[in-house]
Each structure stands twice: as C-alpha cells, then as structure tokens.
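Below, chains carry the letters A, B, ... as their sequence lines are ordered, and counting in each starts from 1.
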Amino acid sequence: MTDYKATLNLPHTDFPMRGNLAKREPEMLARWEKNGVYQRIRAASAGRPKFILHDGPPYANGDLHLGHAVNKILKDIIVKSKGFIGYDAPYVPGWDCHGLPIEHKVETMIGRAGDKVDYKTFRAKCREFALGQIDNQRKGFIRMGVFGDWENPYLTLNHQTEADIIRALGKIAESGHLVRGFKPVYWSVVGGSALAEAEVEYHDKTSFSIDVRYKAQDPSAVLKAFGTDAGEGEVGAVIWTTTPWTLPASQAMSIHPDLDYVLIQATVNDAPARLILAEGLLEAATERMGLETYETLAKVKGDALEGLVFDHPFYDRNIPFLLGDHVTLDAGTGIVHTAPDHGMEDFLVCQHYGIETLNPLDDKGVYRSNVELFAGEHVYKVDPHIIDVCKEHGRLLSEDKLTHSYAHCWRTKTPLIYRATPQWFISMDKEGLRGKALEAIQGVRWVPGWGQNRIEAMMEQSPDWCISRQRTWGVPIAFVTHKETGELHPELPRIIEEVAKRVETGGMDAWWDLELSEILGDEADQYEKVTDTLDVWFDSGVTHESVLRKRPELGQYPADMYLEGSDQHRGWFQSSLKTAVAMNGSAPYKQVLTHGFTVDEKGYKMSKSLGNGIAPDEIWNSLGSDIMRLWVASTDYSGEMPMSKDILNRTADAYRRIRNTARFLTANLNGFEPARDSVANDDMLALDRWAVDRAYRLQQEINDLYDNYQFLQAYQKIHHFCVLDMGGFYLDIIKDRQYTTQENSLARRSCQTALYHVLEALVRWIAPILSFTADELWQYIPGERSDTVFEQTWYDGLTPLAADEALDGAFWSTVQEVKDGVNKVLEVARNEGRVGGSLKTEVTLYCDADLKAGLAKLGEELRFVTLTSDARLADLSEAGDDALDTELEGLKVSVAASEQPKCARCWHQRPDVGRNQEHPELCGRCVENVAGDGEVRHYA
RNA sequence: AGGACUGUAGCUCAGCUGGUUAGAGCGCACCCCUGAUAAGGGUGAGGUCGGCAGUUCAAGUCUGCCCAGUCCUACCA
C-alpha cells in the first residue's frame with residue numbers, strides 16, 4: 001500500500017500545544033523587559049488620543065493577595081484593550097507609602113520614635129521599609145503580566161510628591177475649606193499621645209458605676225412634655241456612668257427618639273422626687289438605686305422630650321436633652337450623660353446640636369486650671385472626689401463598682417481616655433464643599449451604576465474630614481500658627497511654597513529641621529510649627545494633583561478613569577473627589593469603575609482561619625498568570641468574585657481550548673507566506689469568505705465590549721467563536737480541503753488566507769487578557785510583524801461579506817442547522833451500531849423546495865460540509881421510513897454505511913476509487929490532486 | 001444594628017421594558033475519530049430560577065418579608 005500521507009498538507013507548527021505557562025511566562029517577561037515593551041507601546045501609540053487610567057495606589061505593606069491581582073489585572077486589561085481600540089493609554093502605577101501600618105511594622109523592628117530612636121532615623125527606616133515592600137509587590141505585579149512604567153512608579157514618599165502634597169494642602173487651605181477644630185481621639189495619658197484604633201487593646205478594668213440625677217430647670221415644662229401634673233418633689237433625669245471623671249465635661253444628655261421614657265414618683269434622700277428614665281430599664285435601674293417603692297406617673301416617647309433643659313450636677317451649666325440613635329437599653333437608664341470631649345458619639349451628637357468641646361484635660365490627664373473644683377487633679381484619681389461632690393449636691397442616686405472590658409494603650413498597658421484634641425478639618429459645608437461634590441458626582445460615569453448612589457449617600461452624610469494625625473510617618477501639615485491665637489500665619493501661600501521647595505530636595509525632614517526664623521525672620525518667635533501629620537488618605541487623595549497633572553506622560557485632569565474595589569467609595573474615590581472639588585471645583589475622574597471582592601466557591605470571603613484563600617503566586621507558579629488573568633476576565637467583577645481550585649481548573653480548560661484553536665490555525669498556515677500566497681477576498685471560496693466575515697462581525701462586537709469594560713462578554717464571545725464557529729464548524733469542514741488539495745492551489749490558499757486573517761484578528765482579541773499567550777503566538781504567525789502584538793491596534797484586514805453575496809450569512813446559518821440535523825441522525829445510527837465515523841457513511845437529505853434549492857448551490861461540495869462520503873439531495877416527499885425528522889423544518893435525513901471503496905488518501909468512500917491504473921487506491925479527485933492539475937473547489 | 005450589592009443547571013455566565021416546554025459554553029456521561037492526538041468531532045443527562053407570601057389572566061423578570069454571602073459604617077490603608 002502506497003503511503004499517500006506524504007502527499008497531504010498536514011498541519012505543523014512549533015507553537016506548543018501545552019502552555020507550560022509557569023515556566024514560559026518568566027521567559028517572556030525577560031524578553032519584554034529586554035526589548036522594552038512598555039516603551040515600544042508608547043512609541044507605537046504616540047499621537048493617538050489619550051486614555052488615562054489613573055492608578056489608585058496600593059498600600060506599600062504586605063504580600064500581594066488575590067484582591068491586588070484582580071485590581072491590577074482589570075486595569076491592565078483596560079489599558080491594553082484601549083491600546084488596541086486606538087488610544088494612547090500610558091499606565092503609571094503608584095504606591096501609598098506613609099501611614100500607621102508601616103509605622104507599626106518599623107516600631108516592632110527598631111522601637112518607638114522619640115523613645116528608642118530619634119524621629120529622623122525612624123522616618124528613614126520607614127522609608128526604607130516601604131521601598132522594600134514596594135519592590136516585593138512590584139515583582140508580583142510584573143509577574144502577572146501587567147504593563148506599566150514600573151521603573152518610574154509614583155510613590156507618595158517621593159520628595160517631589162511629598163512637596164506637592166503639601167502644596168495641595170496649601171491650595172485647600174487658601175480656598176477656605178480648612179478649619180481648625182476639636183475631635184475626641186483615644187488618648188494615652190501615660191504616653192501623652194494620641195492613639196489610633198489599631199493601637200487599642202481591651203482589658204478588664206474596675207470602674208466606679210454611679211447614677212446621677214440632673215435637676216430640671218423648669219419642672220412645669222417637663223411635666224407638660226409628659227402630659228401630666230401628677231406627683232410631687234423635684235423633677236430630675238437620671239444618668240448612669242462608669243466614668244465619673246467625664247462629668248466636669250458633661251454638656252448634655254442624650255435620649256433615643258423612639259424609646260419610651262417614664263416619669264416616676266419615688267423617694268430620694270427622704271424627700272419626694274420625680275425621676276425620668278427609660279421604661280425598658282425601669283426595673284433594673286430602680287433596683288440599683290435602691291428605690292423600693294415608686295409609681296409611674298406618665299410615659300412618653302423620647303422625641304417629645306427634646307430640648308428640655310436641666311442643671312449640671314455641680315456646675316452652673318445648662319444641660320439639654322438631645323436626641324441620638326446611639327442610645328440603647330443595654331445598660332444604665334436610657335439617658336446618656338453626654339460629654340463631647342470624651343466620646344465619639346457624644347461628640348457627633350453635640351456637633352449636630354452645635355455644642356462645642358471644653359477641653360478640660362491637658363496632655364497628661366490633669367484638669368486644667370480653669371476647671372472648677374478639680375483643677376490640678378489627675379483623671380485616674382479624681383473619681384472619688386467627683387462622687388463626693390455629687391453626693392454633697394444631693395445628686396448621687398447610686399454608687400457601685402463594676403468590672404468591664406475597657407480600652408487600654410497597647411504600649412503602656414494603661415487605661416485610655418477619649419480626649420478632644422485640636423485637629424485640622426476639611427469642612428464639608430463652610431464653603432459648600434458637600435454641595436459641589438454632589439454636583440460633581442452627577443457628571444461622572446459610574447460603572448456599575450449603583451456606585452453613584454453609594455457615593456452620593458456617603459457624601460450627603462459625610463462629617464467634616466479630619467486630616468490631621470498625631471503620627472510620625474506622614475507628610476507634615478506644614479502650617480505655622482500663632483502661639484497665642486492659634487491662627488494660621490497670614491502668609492500661608494508663601495510659607496507653603498517655601499516649605500515645599502525645601503521638601504522637594506530634602507524630603508519631609510526639611511520641615512522638621514526648619515527653623516522658623518529662616519522663613520519668618522523677626523516674627524518667628526511669635527509662631528510655632530504644627531507638628532501633626534496628614535491622614536494618609538490625603539496623600540493618595542491628591543494624586544490627581546501630585547501625579548495626574550504633574551507627570552508629563554499623563555498631564556491630564558481629570559483622569560478618564562479611576563478603578564478600584566467597592567470599598568474605595570468610602571476611601572480613595574471619596575478622598576480624591578473631596579480634594580479635587582476643594583481645589584478645582586470638579587471631579588478628578590470621568591469614569592469610576594468598581595469591582596467586588598474575591599470569595600471562595602461558596603461565596604465566603606477568603607480568610608486564614610477558613611483556609612480557603614488562594615495566593616496569586618500559587619497560581620502563577622502552577623497554572624500561570626494567563627490562567628489568573630482569564631479568571632479575572634471571565635468573572636463578573638461587579639459583584640463578588642468566586643475563586644477556587646475547581647474554578648481555576650475550569651478556567652484552565654477554557655484556556656486550552658482557545659490556545660489549541662490558535663495552534664490549529666497556526667499549524668495550517670504552515671508554508672503560507674501572506675505576502676506571496678494571500679488570495680484576494682473576491683477570489684476566495686464562499687465558505688472562507690464567510691469565516692472572515694464572522695471574524696469581522698465579531699471584532700466589532702469585541703471592540704465595543706472591551707470599550708465598555710464587558711470583558712466577561714468579550715471572553716465568552718471569543719471562546720464561543722473558537723468552539724462553535726471554528727472548532728465545531730469551519731475548521732472541521734476545511735480540514736479535508738486543507739490536507740488533500742494541492743499545496744499551492746486556490747482551494748488551499750483561499751482557506752489559508754481565511755485562517756491567516758482569523759488568526760491575525762484572534763491574537764489581538766485575546767492579547768488584553770491572555771497577554772503571555774498572545775505574544776507567544778505572535779511569534780509563530782507568518783509575515784512581517786512588530787516585536788510584540790501590543791504595538792498593534794485591531795486587525796484591519798477583515799472583509800465583510802458583500803451585500804449581494806449568493807451564499808450569505810443566512811445561507812451558512814442554514815447549513816449549520818442542516819449539519820446539526822445530519823449529526824443527530826448520524827448519532828442515532830451510530831448508537832444502533834449501523835455506522836461509525838461519518839466518512840464511512842452516505843447521507844440523503846430530504847428537503848422541502850426552498851431548502852433543496854439552497855443546498856443545491858453547493859453542488860458536488862455538499863458532502864464536504866456534511867463530512868460524509870456522499871450527500872444527496874431529494875424531495876421531502878420521497879422520504880422513506882429510514883429518514884428521520886430533524887429540528888430543521890422541512891428536512892429529513894437518512895444515513896447509510898457507504899458500500900464504496902475507501903480512498904487511501906482522503907479516506908472518503910467513493911465509487912471512482914481504483915479507476916486510475918497509476919493510483920489504484922485513490923479516488924478521482926485525489927488522483928487529480930496527486931498527479932493532475934489539482935481539484936477545483938468553489939464553495940467549501 | 002443600619003446602608004449598598006449579590007444569590008438562574010456541578011462551574012462561569014445569558015435571559016430586554018413581566019407573556020410560548022428557562023438558554024449558552026465548560027464540566028460530566030456515552031459514542032466516534034486516531035492525518036489538531038496529554039488534541040478533535042458528535043449526542044445526551046443535568047435547573048422547585050435562594051426561600052415564603054403577594055400583585056397580575058400571566059413572574060426568573062414587579063412588591064414585601066425572610067435566609068445566605070460580600071463591601072461599607074471602625075479613620076485602618
């Protein structure tokens with residue numbers, strides 16, 4: 001038997017079937033770095049319209065987790081796809097470098113600033129630490145295939161950036177949005193410093209527990225509010241507290257608007273007294289106060305009592321009833337003594353009612369000289385004295401001790417107090433920032449749309465933004481204030497600029513080292529430097545100023561897009577918006593895209609304790625970054641993003657399918673030189689023109705999907721194209737023609753031309769997502785081409801079917817339905833054991849008139865579409881019992897095993913096999929292909 | 001506890017303004033092929049559309065409640 005295999009044009013390529021990505025990706029990264037892919041893209045896209053995605057800086061601490069990966073990969077897909085769409089889309093990654101977490105890390109390494117090491121050394125160490133973290137994270141981002149200017153990222157710790165942050169602060173101050181105020185913070189009286197929430201530990205502490213009565217100034221008003229005039233004796237409200245030391249700062253009492261409050265008749269100190277407290281705590285409270293007999297006189301909702309005024313237990317001070325949702329029935333009396341100096345909720349309630357703080361305690365926890373009765377006493381020791389004073393005034397209703405969990409300083413292990421301290425705020429309302437911000441929100445495109453509601457709600461409720469921190473590792477609030485008045489120096493802009501210039505060269509230490517006389521001359525001794533640092537949210541919040549405007553390759557305001565996790569509505573989206581509106585009166589972004597968080601396959605968040613987390617390096621070291629990227633693209637980022645080993649494996653399956661489709665296309669371009677062998681579209685066979693048309697149409701869809709950030713849809717379309725249009729139809733059909741026709745025949749070159757066009761398109765479609773694979777594939781496609789696929793835009797060599805095309809899209813759609821019908825009938829026969837492979841069969845298609853006329857257009861080539869050795873057309877009316885219905889109206893199909901001899905070359909079973917003496921094992925067309933002028937094909 | 005979002009076959013997703021037996025791909029099962037071969041082709045089985053109640057002639061699609069999950073309310077980035 002002659003070996004005719006050698007006469008076939010079988011596919012061949014060196015593009016490997018298996019990605020082996022974990023090994024190959026690093027090689028590709030090395031090549032990209034060596035050839036400067038990012039710079040090449042910049043050069044290739046120079047002059048195009050810009051699309052600026054401004055990077056939200058991750059915090060420069062900790063190893064990368066999947067959330068980082070999702071964020072950076074989404075950004076990368078956008079940046080790359082915008083490139084293919086035709087934009088110049090530079091990407092400057094950034095890092096957020098200041099702040100408490102780094103400070104903490106460094107503290108554990110070298111000790112506390114101002115204690116074990118001096119501040120300057122401490123800051124230097126923080127800087128060094130942050131840079132180390134950045135290096136680690138950067139390696140990871142690069143490994144994920146994210147393109148950007150990794151050599152020159154923006155860092156909030158760059159001297160230039162620090163200087164610009166200070167300038168931004170100055171701008172905001174100039175515009176009048178900045179106010180100085182007070183705010184309670186956790187304060188360590190032993191350490192003499194403010195603490196962040198993260199530095200608070202909770203330990204048991206024994207405190208005094210007292211009930212105190214506040215006397216109504218106008219009893220009749222209270223009675224009226226209760227709608228009664230019953231009872232006798234003083235009218236008073238009862239509060240309960242475990243912090244008697246806060247009573248000197250007591251300025252109000254809070255009640256809940258929806259709770260029921262009762263007025264009871266009781267006896268206190270042998271005198272009749274009427275007391276107010278919450279009905280829900282009546283029993284517990286009266287028992288605690290030892291009120292054995294009492295009588296309820298009236299009951300009313302809290303909101304009916306708002307504004308009633310009482311006397312302070314021992315000061316001449318008005319104490320009003322305020323309404324607050326924070327009041328509960330957990331303990332006490334349902335009436336909360338309210339000292340804005342010493343509680344966050346107290347502070348907020350009072351702020352709402354316009355009650356300011358008193359600031360009675362100094363840094364060491366000692367009452368200031370202006371505090372009556374207790375001046376000079378220490379907060380830790382004053383409780384008994386205060387209780388005595390209450391008793392003397394007849395205000396004390398109960399006294400006990402209580403052990404409870406209480407906030408302690410993590411360093412000194414001493415109890416903490418809340419203490420109102422002077423702070424700098426960006427006011428939401430002083431200059432109408434809130435209203436302007438809400439207006440700016442309207443002009444932004446929020447993806448998905450609910451992001452707008454979310455940020456609007458936050459902006460509406462947002463309290464003034466406290467931007468000052470009593471920390472070491474942060475950009476200094478470079479203000480100079482008058483020692484007596486606390487007022488900002490009138491020459492603020494000049495001072496800011498003086499400082500900024502120094503910081504540009506010397507870093508933030510320049511501020512701490514600065515002698516005021518250098519910039520203020522003789523008046524220096526009247527002023528002092530503010531020692532607070534900026535909230536790190538301010539650093540990143542003003543990158544629209546310090547980075548977006550400043551970097552020449554960006555140089556644009558506002559950015560086209562900000563893209564972060566949904567938590568950043570509260571974070572960066574908001575801080576950026578506030579600062580931008582304060583400085584420029586507009587939003588810093590045109591579009592905001594939000595993604596959800598990663599969860600496991602059951603929808604639970606990833607956590608160490610559940611052990612359900614998957615680290616990015618696990619993925620890129622096993623399956624490869626492209627699989628991780630494909631997972632990102634194939635997951636709906638608008639909600640939770642489930643991830644598991646199983647999901648990853650599914651993703652890898654899909655990857656292989658796309659890769660193998662590309663590989664098959666490549667393999668069939670073996671020997672094809674596009675410049676030499678391409679066939680003009682008009683000369684191509686009908687089916688080949690159809691394939692190119694499919695790609696043409698799909699490319700338009702894909703362009704729009706990428707352009708609108710619908711990566712999931714783009715991925716699915718690409719995948720379906722590979723599976724359905726190509727694998728299940730086109731490629732299956734053209735194999736015969738590819739393999740059997742003459743190498744340089746029109747039949748084959750037409751097909752190769754189509755495959756080439758499809759491949760050129762496909763490699764670009766997948767590039768934003770499967771960056772490694774696309775660029776690997778790029779090297780195997782014939783023809784002259786750029787160094788990387790990323791220097792390209794979408795392939796422009798695709799041609800749609802002509803409007804007057806005889807075999808149009810609808811025709812081929814019908815052919816696919818016919819093929820489905822044949823397959824079903826074939827499968828029936830196969831299951832009955834009557835037939836095996838489709839080439840061993842002959843089919844008869846019984847068609848109605850329309851269908852028959854249509855299919856007749858394919859003439860003798862119908863069998864190549866059905867993949868059978870013979871395919872005959874017949875009238876539907878001729879169908880016998882062996883013809884089975886199909887899902888296509890007007891089509892019945894019968895199948896029979898072919899009786900004809902098998903051609904040794906093309907494996908079709910044809911009656912003309914053996915007619916040629918020279919090639920007795922071949923069918924007619926194979927003889928023609930092997931020894932003649934070659935078979936002619938018209939359609940398929 | 002409040003605010004926002006999510007919940008359609010084992011997995012990833014479609015299901016427009018409510019209207020025929022809820023779709024696709026993957027996976028799975030079975031079959032074919034062995035000239036894409038650690039590939040390829042075909043057929044098929046899988047869903048009380050988170051649950052309950054309601055509006056409606058009609059609900060996956062509207063309303064309410066409930067359940068589960070995620071993010072934010074903690075100044076922590």
Distance below 4.0 Å between Lys824(A) side-chain N/O and G42(B) OP1 or OP2
no
Expressed as a whole number of angstroms, how long is the span from [X]:[atom1] to [N]:[atom2]?
X	N	atom1	atom2	result
Phe129(A)	A77(B)	CZ	C1'	13 Å
Leu826(A)	C31(B)	CG	P	16 Å
Arg570(A)	G3(B)	CZ	C1'	10 Å
Glu564(A)	C72(B)	CD	P	14 Å
Glu832(A)	G42(B)	CD	C1'	15 Å
Phe573(A)	A77(B)	CZ	P	18 Å
Phe597(A)	A4(B)	CZ	C1'	13 Å
Asp539(A)	A77(B)	CG	C1'	11 Å

Just to verify, what does [X] make a salt bridge (Lys or Arg N to Asp or Glu O under 4.0 Å) with, not counting sequence neighbours?
X	answer
Arg650(A)	Asp646(A), Asp653(A)
Asp539(A)	none
Arg748(A)	none

How about Asn71(A) and Glu564(A): does a side-chain donor come under 3.5 Å of a side-chain acceptor?
yes
Taking atom types as modelled and ignoring hydrogens, do the side chains of Trp465(A) and Asp535(A) form a donor-acceptor contact shorter than 3.5 angstrom?
yes
Nearest-Å distance once atom [atom1] is located in both [N] and [M]:
N	M	atom1	result
A29(B)	G46(B)	P	16 Å
C49(B)	G60(B)	C1'	5 Å
G15(B)	G7(B)	P	11 Å
C71(B)	G44(B)	C1'	42 Å
C65(B)	U55(B)	C1'	15 Å
A9(B)	C72(B)	P	28 Å
G25(B)	U6(B)	C1'	23 Å
A4(B)	G41(B)	C1'	48 Å

Please determine whether side-chain contact (heavy atoms from CB on, under 4.5 Å) holds for the pair Asn61(A) and Phe129(A), giving the CA-CA distance in whole Å, both sets of side-chain angles, and the decisive distance to 0.1 Å.
CA-CA 9 Å; Asn61(A) 185 29; Phe129(A) 176 80; 3.7 Å; yes
Can you check whether His908(A) and Phe864(A) have ring centres sitting under 6.0 Å from each other?
yes
Extract from the structure each pairing of a protein N or O with an N or O of nucleotides 11-17 of chain B at less than 3.5 Å, listing the distance.
residue, atom, partner, partner atom, Å
U12(B), O2', Ser634(A), O, 2.5
C13(B), OP1, Asp636(A), N, 2.4
C13(B), O2', Gln716(A), OE1, 3.2
C13(B), O2', Gln716(A), NE2, 3.1

At a cut-off of 3.5 Å, list every protein nitrogen or oxygen paired with a nitrogen or oxygen from nucleotides 47-49 of chain B, distance to 0.1 Å.
none

Straight-line distance of Leu630(A) CG to Phe711(A) CZ, nearest 0.5 Å
13.5 Å
From Met643(A) atom CE to Thr598(A) atom OG1, the distance as rounded to the nearest 0.5 Å:
8.0 Å
If we ignore hydrogens and angles and just use 3.5 Å, is the side chain of Thr841(A) paired with the main-chain N or O of Thr868(A) as donor and acceptor?
no
Examine distances only and state if a side-chain atom of Ser576(A) and a backbone atom of Phe573(A) form a donor-acceptor pair shorter than 3.5 Å.
no
Closest-nucleotide ordering on RNA chain B, the 5'-leading residue of Asp567(A) and Pro57(A):
Asp567(A)
5' priority, RNA chain B, between His720(A) and Cys97(A) [closest heavy atom]:
His720(A)
Using the test side chain to side chain donor-acceptor pair (under 3.5 Å), find all partners of Trp424(A) that sit at least two apart in sequence or belong to another chain.
none
Sequence neighbours left out, what passes side chain to side chain donor-acceptor pair (under 3.5 Å) with Glu842(A)? Give chain and number order.
Ser898(A)
Regarding Trp631(A), tell me which of base, sugar-phosphate or nothing describes its non-hydrogen contacts under 4.0 Å with the strands shown.
nothing
Going 5' to 3' through nucleotides 33-41 of chain B, assign each nucleotide B (protein heavy atom under 4.0 Å from a base atom), S (under 4.0 Å only from sugar-phosphate atoms) or - (no protein heavy atom that close).
SSBBSBSSS
Salt-bridged, Lys735(A) to Asp732(A), with N to O below 4.0 Å?
yes
Syn-anti status, with the boundary at 90° from 0, for the nucleotide G46(B):
syn
The correct set of residues in residues 446-462 of chain A placing a heavy atom under 4.0 Å from RNA chain B is Trp450(A), Arg454(A), Met458(A)
Reading RNA chain B 5' to 3', what string of ( ), [ ], | and . shows its pairs, if Watson-Crick and G-U wobble pairs count only when both distances fall under 3.5 Å?
(((((((..((((.....[...)))).(((((.......))))).....(((((..]....))))))))))))....
Under 30°, 30 to 60°, or over 60°: which ring-plane class applies to Phe672(A) and Tyr756(A), parallel, tilted or perpendicular?
tilted
Salt bridge (charged side-chain N to carboxylate O under 4.0 Å, His left out) partner of Asp736(A), the single match among Arg925(A), Arg863(A), Arg905(A)
Arg925(A)
With Arg663(A), which residues qualify under side-chain contact (heavy atoms from CB on, under 4.5 Å), at least two apart?
Thr13(A), Phe15(A), Met17(A), Asn660(A)
Acceptor/donor pairs from residues 815-826 of chain A side chains to any protein atom, 3.5 angstrom cut, sequence neighbours excluded:
residue, atom, partner, partner atom, Å
Lys819(A), NZ, Gly728(A), O, 3.2
Asn823(A), ND2, Lys819(A), O, 3.3

